[in-house]
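Before any comments, here is the structure.
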Amino acid sequence: MMAQVVVVTSGKGGVGKTTSTAALGAALAQGGESVVVVDFDVGLRNLDLVMGAERRVVFDLINVVQGDAKLPQALIRDKRLENLALLPASQTRDKEALTPEGVERVIGELREKFDWIICDSPAGIERGATMAMHHADAAVVVTNAEVSSVRDSDRIIGLLDSKTAKAENGQKMPKHLLLTRYDAARAMRGEMLKTEDVLEILSIPLLGIIPESQEVLRASNLGSPVTLSNPASAPARAYAEAAKRLKGEQIQISIPAARRISFIGKLFGRGAVA
Amino acid sequence: MLFRRRDSAPVARERLQVLLAHERAMVGGTDLVSVLQEEILAVIGKHVKLDRDKVQIKLDRGDPVSTLEIDVEVPSLLRAAAFGGG
């Protein structure tokens with residue numbers, strides 16, 4: 001199989017890029033694919049923390065870009081899944097250290113080692129974000145059903161269609177919308193933009209809807225992608241389905257339903273799984 | 001189940017404490033583990049030709065101890081010793 005480079009991007013911060021990178025990467029690996037998740041947030045790395053590998057970082061993306069370390073020395077193998085690896089960002093350097101030639105070489109080397117290269121983009125539309133998307137074969141645009149997030153996603157879609165290697169070669173960049181932090185109860189009350197409105201405004205196909213859930217917070221507390229920390233939970237199942245769609249499988253999208261949590265449900269801890 | 005599920009915040013607190021202690025030390029430029037790593041490799045490099053591709057470094061930043069594992073492939077050591085002895 002040809003390696004697939006996927007950028008997870010959004011423009012806006014705090015919408016769930018890092019969580020989604022970890023969860024999609026782990027879900028693909030759980031499905032047997034060989035996967036590397038790459039942190040492009042130079043200076044403010046966090047993917048290592050969400051993956052639970054923060055204690056084991058020796059070298060990083062900048063070290064490899066600049067030739068101070070070889071790629072295998074910087075890759076951190078996941079302790080739970082042997083076919084999942086992390087390439088961390090640098091915590092001490094700045095984004096200027098990411099040279100286009102260096103990034104191209106590293107992505108090329110990663111393509112030879114992995115089926116999937118999932119790039120976690122920093123927020124914003126500057127160098128870090130454009131570097132993360134430049135060599136992508138496809139993009140996952142992470143969006144919340146909220147006006148500023150949708151606006152920033154629209155901006156990022158514009159960049160994906162103009163500033164990437166694919167765009168420069170006159171090719172179309174496949175883009176997928178991942179709607180995260182979806183609150184079914186608020187959507188039902190009309191307090192959030194409707195999914196169909198977001199889809200109509202951004203007009204890119206939907207990859208999945210990830211419900212807002214305390215399981216996501218719990219997963220990052222534990223340093224584990226949510227698809228590993230609680231595979232049966234609603235967000236984990238939504239990510240697992242999104243990962244299958246990314247592979248091209250046709251699965252109907254399930255819209256999270258507002259669930260009334262009864263007193264009995266709470267008593268038995270069922271609310272925690274919702 | 002109900003009680004087990006509550007325990008993620010203390011895990012987060014402990015992970016952050018360990019991580020931030022190491023990161024604050026690093027900003028001050030005194031990350032002991034990095035210094036050790038560089039100096040150990042320099043010492044080995046004085047005696048044998050180091051191929052950086054054949055060096056694997058594993059690190060676990062912990063509390064109270066960190067572990068640093070440096071795996072150096074030195075193919076010519078035995079021959080060098082034999083020559084030295086003869």
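Proteins get letters first, then strands, A, B, ... in listed order; numbering begins at 1 in each. What you see is a predicted model, and the numbers here were worked out from it, not measured in a lab. Only this structure's heavy atoms are used, side chains among them; waters, hydrogens and symmetry mates stay out.
Here the CG-CZ distance, from L59(B) to R55(A), works out to 11.0 Å after rounding to the nearest 0.5 Å. Remark: E54(A) CD to D60(B) CG distance equals 9.5 Å, nearest 0.5 Å.
Neither the backbone nor the side chain of I76(A) comes within contact range of chain B; no heavy atoms are under 4.5 Å apart. V55(B) touches chain A through backbone and side chain together, each having a heavy atom under 4.5 Å away. Looking at L19(B), the atoms closer than 4.5 Å to chain A (heavy atoms on both sides) all sit in the side chain, from C-beta outward.
A 6.0 Å sphere centred on CD of E96(A) holds more than 12 heavy atoms belonging to other residues, nucleotides or ligands. Summarising the local packing, CD of E14(B) is surrounded by 12 or fewer heavy atoms from other residues, nucleotides or ligands at distances under 6.0 Å.
E69(B) has no carboxylate O lying under 4.0 Å from a charged side-chain N of R56(A), or vice versa, which leaves the two without a salt bridge.
A side-chain donor from one of Q91(A) and E23(B) sits under 3.5 Å from a side-chain acceptor of the other.
Without hydrogens or angle criteria, R15(B) side chain to L49(A) main chain gives a donor-acceptor distance under 3.5 Å.
A12(B) approaches N221(A) most closely through the heavy-atom pair CB-OD1, 3.2 Å.
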